[in-house]
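Everything on this sheet refers to the single structure shown next.
In each ligand, atom 1 is the first atom listed, and ligand 1 is the first ligand listed.
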Amino acid sequence: MAELTAIASQIRRDIVRMVHGANSGHPGGSLGCTDYFTALFFKVMKHNPAFDMNAKDEDVFFLSNGHISPVYYSSLARSGYFDIKELATFRKLNSRLQGHPATHEHLPGVRIASGSLGQGMSVAIGAAMAKKLNGDDCFVFSLHGDGELDEGQVWEAIMFAAHHKIDNLISTVDWNHQQIDGTTEKVMDHFDLRKKFDAFGWIMIETDGNDVNRMVETLELAKAHSGQGKPVVILMHTIMGKGVDFMENDHNWHGVAPNDEQLAKALAQLPETLGDY
Ligand SMILES: Cc1ncc(C[n+]2csc(CCOP(=O)(O)OP(=O)(O)O)c2C)c(N)n1
Ligand SMILES: [Mg+2]
């Protein structure tokens, strides 16, 4: 399992280097969700880097909070979907790695455009229903920001999934209490998310999203809770900017690039384990 910690460190390096290289992008949520991505892509998910859009007999993942594309692209490249050298093209003109993921770029691993918040759970539910119809017993995973929950469409999807007993869906909320303009409590208070998901008929699991080994256990537990006629949500406590001390817990790092000096400081805190791109 030490290997997962090493992978997470490299992904965090990729994130800060990509955002610095483009002088734009979203490091905060990306760093906070790195342990989730590491656990999912390198341990839990049954997936094939020889990408096939139909995803027959494999698990699928949908990123709904598309602004955290740096962690997504790095995870895809590091697990073999495309060459890690392409990470250097992040947010550049004509790159397949646009600021927000899009399908028309044909980047292997990307199944939906996201960035306009609120849509990913609806798509994930559709995919989960298709898997049931096809007799495919693999899982559908989706990730959502907590600020993203301000979008009404998410709550329609939450209701729909419970009503239709979508029990092959494992949705995760990045509960970092931060969003673009401040804390979620200040911008739009969600009050008790546990009670909300419970009231909406979901199975709820709460976890520390910045402990990669715990994240593996949590995702496995979520799988064990599937098939009971209810969708499963993981409320994942994370720290925005996790791993870079001056970015931690600060919404100002939601969507800002580090300058040269800040990059150097960040990289000094993140060991290079697999080799930089
Ligand atoms: C429909 C829609 N409305 C507004 C935005 C602008 N926006 C981008 S990120 C963001 C905040 C999202 O907060 P959260 O999901 O908590 O992400 P975090 O800051 O934690 O990474 C907003 C409002 C958007 N991308 N899409
Ligand atoms: Mg947030």
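Of the N and O atoms on the side chains of H225 and D167, not one donor lies less than 3.5 Å from an acceptor on the other residue. Side-chain atoms of Q179 and H254 form no donor-acceptor pair, as typed in the model, at a separation below 3.5 Å.
For an aromatic pair to be called close, the ring centres must be under 6.0 Å apart, and W253 with H251 fails this. Ring pair W155/F160: centre-to-centre distance not below 6.0 Å. The aromatic ring centroids of F82 and F51 lie 6.0 Å or more from each other.
Remark: H20 engages D260 in a side-chain hydrogen bond (donor to acceptor under 3.5 Å, both in side chains) (not counting sequence neighbours). Residues passing the side-chain hydrogen bond (donor to acceptor under 3.5 Å, both in side chains) test with D276 are Q10, R13, sequence neighbours excluded.
For a distance threshold of 2.8 Å, the protein N, O or S atoms nearer than that to the Mg ion (ligand 2), listed by chain and number, are D146 OD1, N176 OD1, Q178 O.
Between I68 and L143, some side-chain heavy-atom pair lies under the 4.5 Å cut-off. You'll find the side chain of K242 reaches within 4.5 Å of the side chain of E248, heavy atoms only.
Enumerated by chain and number, the residues approaching ligand 1 to less than 4.0 Å through a heavy atom are G29, H67, G115, S116, L117, G145, D146, G147, E148, E151, N176, Q178, Q179, I180, M240, H254.
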